[in-house]
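The structure appears below as structure tokens.
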Amino acid sequence: MSRMGDVLAGFHAAWEFESDSVLIRYERGIRTPKLFQTLGERRVPLEAIAGVTLTPGKRGTVVLRLEPRPGADPLLEAAAGQLKEGGDPYRLVLPAERDALAEYYADELRAQLTQTGPAEEFLVGAPEVPLQFKAYDAKASFDGSVVRFRWFWTGASSAKWKAGDQSFPVAELSGVEWRSPEVFEGHLRLLRRDAGDAQPAQADQDPAAVVFGLGYGPVHESLPFAAAVLAAVRDRSATPAVVPAAAAPRRDPADIAERIRHLGELHQAGLVTDEEFSVKKAELLAEL
């Protein structure tokens with residue numbers, strides 16, 4: 001293969017060719033897609049690559065692309081084909097006059113590829129935790145062991161408010177469903193092992209899901225989050241985090257007061273029963 005350390009620089013990224021992998025470094029310029037800036041860099045082992053293509057691009061460019069094996073990258077698994085072409089982290093766009101050099105590297109890579117078919121495990125590293133982002137109805141956070149949803153009174157449905165803030169240990173999950181915020185009804189849903197068909201069909205009614213909206217849950221924040229959770233779920237060594245109740249952080253009194261006020265509005269509207277109101281109010285007061 002080409003010499004270790006050889007670098008091929010294109011628009012928004014540069015590929016460094018190593019003996020057993022390709023290190024992709026993304027630029028941080030204002031024209032670089034935000035997803036690339038968030039990823040920073042990614043090391044792609046040769047065993048994770050099924051092929052390499054070189055095709056004409058737009059406006060006097062050529063595109064060199066790595067074709068990952070199915071199941072090798074948690075980011076692409078979570079994306080499930082929803083990424084737009086410009087947001088594909090495996091594309092390197094180059095000026096057309098560099099096509100001969102790009103073909104050289106493509107041939108060098110192809111000569112080193114030996115693996116085909118689906119990968120049995122993730123071979124490309126997942127985004128690093130902790131991670132968090134704001135959805136339309138909640139703040140989602142993930143520390144590597146537990147996913148937490150903290151509802152916003154301005155966006156969360158009454159069903160989610162009645163259920164309360166949610167915590168999901170990785171060991172209780174079977175997967176993640178990510179629907180791009182760039183399409184209708186974008187959301188991130190956690191698939192629970194014991195839920196079966198019990199999870200509500202609508203994400204805005206499901207306490208195991210957060211919904212996106214204009215400016216909420218953007219791809220560069222919610223997709224790496226989904227990929228990190230998916231990778232942790234697939235990791236057989238993942239175990240549920242046990243957090244003693246006494247170790248839970250105390251809430252801001254103003255936040256508790258606002259939640260009780262909103263709960264009262266739901267109660268007056270008949271969306272919460274007297275018993276549910278009393279129980280939930282007591283839970284909130286206990287957090288002070």
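Just so you know, these numbers come straight off a predicted model, no measurement behind them. Throughout, numbering of the chain's residues begins at 1 and tracks the sequence.
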- Heavy-atom closest contact (Pro127 atom, Ala227 atom, distance): CD-CB, 3.9 Å
- Task: Mark yes or no for whether Gln166, through its side chain, and Ala163, through its backbone, hold a donor-acceptor pair below 3.5 Å.
- Result: yes
- Item | Shortest non-hydrogen contact between Ala159 and Gln205, atoms and distance | CB-OE1, 3.3 Å
- Message: Would you say that Glu185 contacts Gln202 through its side chain, given a criterion of any heavy-atom pair below 4.5 Å between the two side chains?
- Response: yes
- Go through the steps to decide whether Glu47 and Asp20 satisfy the test side-chain contact (heavy atoms from CB on, under 4.5 Å), and finish with yes or no. CA-CA 8 Å; Glu47 62 178 329; Asp20 60 352; over 6 Å; no
- Under 4.5 Å between side-chain heavy atoms, hopping through other hydrophobics if needed: is there a path connecting Phe168 to Val233? yes
- Item | Separation of Tyr105 OH from Phe17 CZ (nearest 0.5 Å) | 6.0 Å
- Query: Which heavy atom of Ala228 sits nearest a heavy atom of Ala126, and at what distance?
  - Reply: CA-CB, 4.3 Å
- Message: Could you tell me if the side chain of Asp88 sits less than 4.5 Å from the side chain of Arg65, heavy atoms only?
- Response: yes
- Measure the CG-CD distance between Leu230 and Glu177 for me, rounded to the nearest 0.5 Å. 12.0 Å
- Task: Before accepting this row, confirm whether a basic side-chain N of the pair Asp143/Arg148 lies closer than 4.0 Å to the acidic partner's carboxylate O.
- Result: yes
- Exam field: side chain Ser141 to backbone Gln132, donor-acceptor pair closer than 3.5 Å: no
- Sidechain N-carboxylate O distance under 4.0 Å for Arg98, Glu103: no
- d(Glu172 CD, Leu191 CG) to nearest 0.5 Å is 13.5 Å
- Query: Within the side chain of Arg43, is there an N or O that forms a donor-acceptor pair under 3.5 Å with the backbone of Val22?
  - Reply: no
- For Ser222 and Gly217, indicate whether the former's side chain and the latter's backbone hold a donor-acceptor pair under 3.5 Å. yes
- Message: Looking at Gln37 and Gly29, would you say the former's side chain and the latter's main chain have a donor-acceptor pair under 3.5 Å?
- Response: yes
- Message: How close do Gly87 and Leu35 get, counting heavy atoms only, and between which atoms?
- Response: O-CD2, 3.7 Å
- Item | Centroid-centroid under 6.0 Å between Tyr136 and Phe152 rings | no
- Task: Could you tell me whether the side chain of Pro89 reaches within less than 4.5 Å of the side chain of Leu83, counting heavy atoms only?
- Result: yes
- Query: Is it the case that one hydrophobic cluster holds both Leu188 and Val211, taking links as side-chain heavy atoms less than 4.5 Å apart, direct or via other members?
  - Reply: no
- Item | Tyr216 OH: over 12 foreign heavy atoms closer than 6.0 Å | no
- Message: So does Leu173 get a backbone contact from the side chain of Arg193, meaning a donor-acceptor N/O pair under 3.5 Å?
- Response: yes
- Message: Would you say that Arg189 contacts Asp206 through its side chain, given a criterion of any heavy-atom pair below 4.5 Å between the two side chains?
- Response: yes
- Task: May I have the step-by-step check of side-chain contact (heavy atoms from CB on, under 4.5 Å) for Val229 and Leu131, ending in yes or no?
- Result: CA-CA 10 Å; Val229 175; Leu131 292 168; over 6 Å; no
- State the CG-CZ distance between Asp165 and Arg150, to the nearest 0.5 angstrom. 7.0 Å
- Hey, is the main chain of Ala9 close enough, under 3.5 Å, to the side chain of Arg25 for a donor-acceptor pair? no
- Item | Heavy-atom side-chain proximity of Val52 to Leu113 below 4.5 angstrom | yes
- Qualifying residue, where the test is side chain to side chain contact (heavy atoms under 4.5 Å, CB included) with Trp15 and the options are Asp6, Val7, Ile24, Leu23: Ile24
- Task: Over all heavy atoms of both residues, which pair between Leu64 and Ala102 is shortest? Give the atoms and the distance, please.
- Result: CD1-O, 4.0 Å
- Hydrophobic cluster identity match, Leu101 and Val63, side-chain contacts under 4.5 Å: no
- Query: Applying the 4.5 Å side-chain criterion to the ILVMFWY set and letting contacts propagate, would Val44 and Leu109 be lumped into a single cluster?
  - Reply: yes
- Mark yes or no for whether Arg69, through its side chain, and Pro118, through its backbone, hold a donor-acceptor pair below 3.5 Å. yes
- Return the minimal non-hydrogen interatomic distance between Phe142 and Val170, and the atom names on each side. CE1-CG2, 3.6 Å
- Whether over 12 other heavy atoms sit under 6.0 Å from Glu97 CD: yes
- According to a 4.5 Å side-chain heavy-atom criterion applied to Ile, Leu, Val, Met, Phe, Trp and Tyr, with indirect links allowed, do Tyr90 and Leu123 form part of one hydrophobic cluster? no
- Side-chain donor or acceptor of Glu16 paired with backbone N/O of Leu8 under 3.5 Å: no
- Query: Just by modelled atom types, is the Gly71 backbone N or O under 3.5 Å from a matching donor or acceptor in the Glu77 side chain?
  - Reply: yes
- Mind checking whether Val62 and Leu54 have side chains closer than 4.5 Å, heavy atoms only? yes
- Task: Verify side-chain contact (heavy atoms from CB on, under 4.5 Å) between Trp151 and Val210, making sure each step is shown before the conclusion.
- Result: CA-CA 9 Å; Trp151 307 120; Val210 295; 4.1 Å; yes
- Query: Passes side-chain contact (heavy atoms from CB on, under 4.5 Å), Glu67 versus Ile49? Steps please.
  - Reply: CA-CA 6 Å; Glu67 297 181 339; Ile49 304 172; 5.6 Å; no
- Val93 vs His12 side-chain heavy atoms within contact, under 4.5 Å: no
- Message: Can you classify the ring geometry of Phe212 versus Phe133 as parallel (below 30°), tilted (30 to 60°) or perpendicular (above 60°)?
- Response: perpendicular
- Is there a side-chain contact between Glu18 and Leu46 (heavy atoms, below 4.5 Å)? no
- Is there a salt bridge (Lys or Arg N to Asp or Glu O under 4.0 Å) between Glu85 and Arg91 once you walk through the steps? CA-CA 8 Å; Glu85 183 178 77; Arg91 296 172 78 248; 3.8 Å; yes
